[in-house]
Amino acid sequence: MDQEQKRRENLYRKFRELASSGEIPSNFDENDLVDIYDYANDSYDEAVQLQVIFAAVRYFPDSDELMQRRAYFLLENLSMSDSAISIAESHRNTGTLWDLLVLRVKRPVGQDAADAMSDILNRYGDYDDETIIQLVTTFSELGLLDWLKEHKNLIQQRCMYKDTFLYELAQEVEEQGDYHFAIKLLDELTGMEPFNSTYWHMLSQEYLNVDDYENALGSIEYAVALNPDSASILTTKAQILFDMKKDTQEAYRMMREVVARDNEYTPSLFTLSAMLAIDGSEEESASLLEKYLAEHPAEREAVEHILKLGDSLRNLRVLRQYLPNSGMNSDEWTAWARGFYERGQWQSAADILLTWLYVKGMSDDWNILVESLYRQKRVGEIAQLYREYLLKIDDPQSTNISFMTYLLLILALLRAGQQGVAQNMAGYLLSVNVNIVDSLEQRMQLIGAQSIIRSMQDVLLGDEHVDIDSIDPFITSAVDGKTSGNDTVPE
């Protein structure tokens, strides 16, 4: 860290300490507040950013730079575009940041956007750090990133800090998935700043994005040499060694050492856990994660890593312990499960929903729960849920069970040997008049479900020679009861 960065960090820490007492600090000048705000912005510390804004309004109400930062905070952090544009339109001075702010609020498109950005570039130059950051962001938000890449050299010449421009542009193109261009930018950046371990680390990660492990390893070696104690850098090197199968023992040694030294840095912990699971040491992997959860019971990411290990009994036990610490309500818990469901991770989705059902006695989404269980062929559990929960619900319509889920229940009950119950449910489904169903989607589901039921009359009547799999529309994506970490092991 250079002297200027240390100075800004010290200012930030001093301001934060004073502000924590509840007072708005007054012993900082205008330039100090700008530096503190920018450091807080880089550190994602919105609380300090907001406190700087309060101090600026009280002590430096006419400061153009602090007014700019207030306007950008309203736009980016609070989505208060009207307030931001009001500040921009009432300021006394013109400048790049003000014009960029107006463009981000008004959002011109196509050629109008390109013309507006070209006008700004023609009128202003000598872009400082903050201007560079907002310039790249505005190009991206207006859909002009390709134009920016094409005119990179021209714009770079106008930047006071060319390394900042390359860094910001590299981050933006990576988000767009253009890893090769990011490599080109970071290669130039490491040539410009060869003793910056962060840039070498970023370059290594970009090489990983294009599966170039040799260059990834070479780049991370530079980063390690420059910053041998960095947990994040060592974690990346261990990942590369492990994936290349070049020196897995060294990868394990590095990860165990980093985790022992600082188990608060979760990427290292999760990397070691994943390595163990891939090598078949799932119990040790789970033990590592559960030990961490014992100290951090609200850490959802650790729970998700356990879910990847694919042991439902363990999942249900861990989820029961996590639920009271999660802070999630029913809608949030169900949305969490739905995310796994939409990615085809049936086991995780089912176990999350089962936990809420077992603890709370109800489920907000029977459709996802039944389908997720069925796709794993956990038909016994479905039959049990039907007996112990669904049959005891006073108002069945309150469950919002779809017609396709009724079909799944019928198939599950048949597979579980409960033919009589399946016959009764099939009779109910066939008796429903399509014309009284309001929703077009539900009508289509009912028509499809009724068609499948009619095609499986022999099965419903008890013909043992009929293969249920041959008429089951879900069988192609069904999975065994025991699944792997990604919940999608084919049957």
Side-chain angles (χ1 to χ4, degrees), residues 179 201 204-221 223-224 230-294 296 299-319 322 339-341 343-352 372 375-376 477 479-491:
Y179 305 126
H201 190 192
S204 176
Q205 291 173 316
E206 295 304 331
Y207 277 125
L208 285 177
N209 285 333
V210 297
D211 296 327
D212 186 346
Y213 284 91
E214 289 295 341
N215 276 315
L217 182 59
S219 298
I220 204 65
E221 292 285 16
V224 171
S230 167
S232 62
I233 290 173
L234 291 172
T235 298
T236 298
K237 181 177 178 181
Q239 287 178 310
I240 295 170
L241 291 175
F242 185 82
D243 290 343
M244 292 178 73
K245 296 181 170 42
K246 194 161 188 173
D247 192 344
T248 56
Q249 293 306 309
E250 173 64 7
Y252 274 116
R253 184 199 66 77
M254 291 169 61
M255 282 297 86
R256 293 186 192 282
E257 184 178 294
V258 170
V259 170
R261 187 179 69 206
D262 181 13
N263 70 348
E264 296 297 316
Y265 183 69
T266 55
S268 297
L269 178 77
F270 298 151
T271 296
L272 177 56
S273 168
M275 288 163 54
L276 289 165
I278 291 170
D279 275 347
S281 301
E282 293 183 356
E283 290 301 323
E284 185 179 356
S285 175
S287 175
L288 189 71
L289 293 167
E290 290 195 64
K291 180 180 178 182
Y292 178 79
L293 271 173
H296 307 82
E299 180 58 67
R300 186 163 99 176
E301 192 174 357
V303 175
E304 292 184 345
H305 278 271
I306 288 177
L307 296 179
K308 291 178 182 178
L309 298 176
D311 184 323
S312 279
L313 291 177
R314 181 193 297 122
N315 290 353
L316 293 170
R317 172 171 51 78
V318 169
L319 286 164
Y322 171 65
F340 285 99
Y341 167 82
R343 295 191 295 272
Q345 295 174 298
W346 319 116
Q347 184 182 39
S348 297
D351 290 343
I352 291 170
S372 297
R375 288 186 181 276
Q376 299 167 78
S477 54
V479 295
D480 293 323
K482 288 182 77 175
T483 64
S484 74
N486 62 10
D487 289 351
T488 54
V489 174
E491 184 184 13

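Sequential numbering from 1 along the given sequence is applied to the chain's residues.
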Can you tell me how far apart CD (E250) and CZ (R253) are? Round to the nearest 0.5 Å.
4.0 Å

Atom of Q347, atom of S312 and distance for their closest heavy-atom approach
NE2-OG, 2.9 Å

Return yes if some donor-acceptor pair links the side-chain N/O of S219 with the main-chain N/O of N215 below 3.5 Å, else return no.
yes

Distance col, row H201:NE2 vs E206:CD, nearest 0.5 angstrom, shows 10.5 Å

Without placing hydrogens or testing angles, list every side-chain donor-acceptor pair under 3.5 Å for residues 266-277, not counting sequence neighbours.
unit_1	atom_1	unit_2	atom_2	d
S268	OG	T235	OG1	2.5
T271	OG1	P267	O	2.7
S273	OG	S285	OG	2.7

Write down the atom of Y265, the atom of S232, and the distance for their closest heavy-atom approach.
OH-CB, 2.9 Å

Which atom names give the shortest non-hydrogen contact between A251 and L241, and what distance separates them?
CB-CB, 4.1 Å

Are any of the side-chain nitrogens in E304 or K308 under 4.0 Å away from the carboxylate oxygens of its partner?
no

What pair of heavy atoms forms the shortest contact from N315 to I306, and how long is it?
OD1-O, 3.6 Å

Without swapping roles, check the side chain of S281 against the backbone of E284 for a donor-acceptor pair under 3.5 Å.
no

Sequence neighbours excluded, every pair satisfying salt bridge (charged side-chain N to carboxylate O under 4.0 Å, His left out) that has a member inside residues 260-282:
none

Taking side-chain contact (heavy atoms from CB on, under 4.5 Å) as the definition, give me every residue that meets it alongside R317, ordered by chain and number, with sequence neighbours left out.
E290, R314, Q321

Atom pair CD/CG of Q239 and L208 - distance to nearest 0.5 Å
7.5 Å

List the residues meeting ring-ring contact (aromatic ring centres under 6.0 Å, His included) with Y207, not counting sequence neighbours, and say none if there are none.
none

Looking at OG1 of T236 and CG of L217, how far apart are the two atoms once the value is rounded to the nearest 0.5 Å?
11.5 Å

CD1/I352 to OH/Y322 distance, rounded to the nearest 0.5 angstrom?
9.0 Å

Among all residues two or more places apart in sequence or in another chain, which pass the ring-ring contact (aromatic ring centres under 6.0 Å, His included) test with Y292?
H296

Side-chain heavy-atom pair Q249, D247 within 4.5 angstrom cut-off
yes

Salt bridge (Lys or Arg N to Asp or Glu O under 4.0 Å) involving E301 - partner list, sequence neighbours excluded
none

Taken to the nearest 0.5 Å, the spacing of I220 CD1 from K237 NZ works out to 9.0 Å

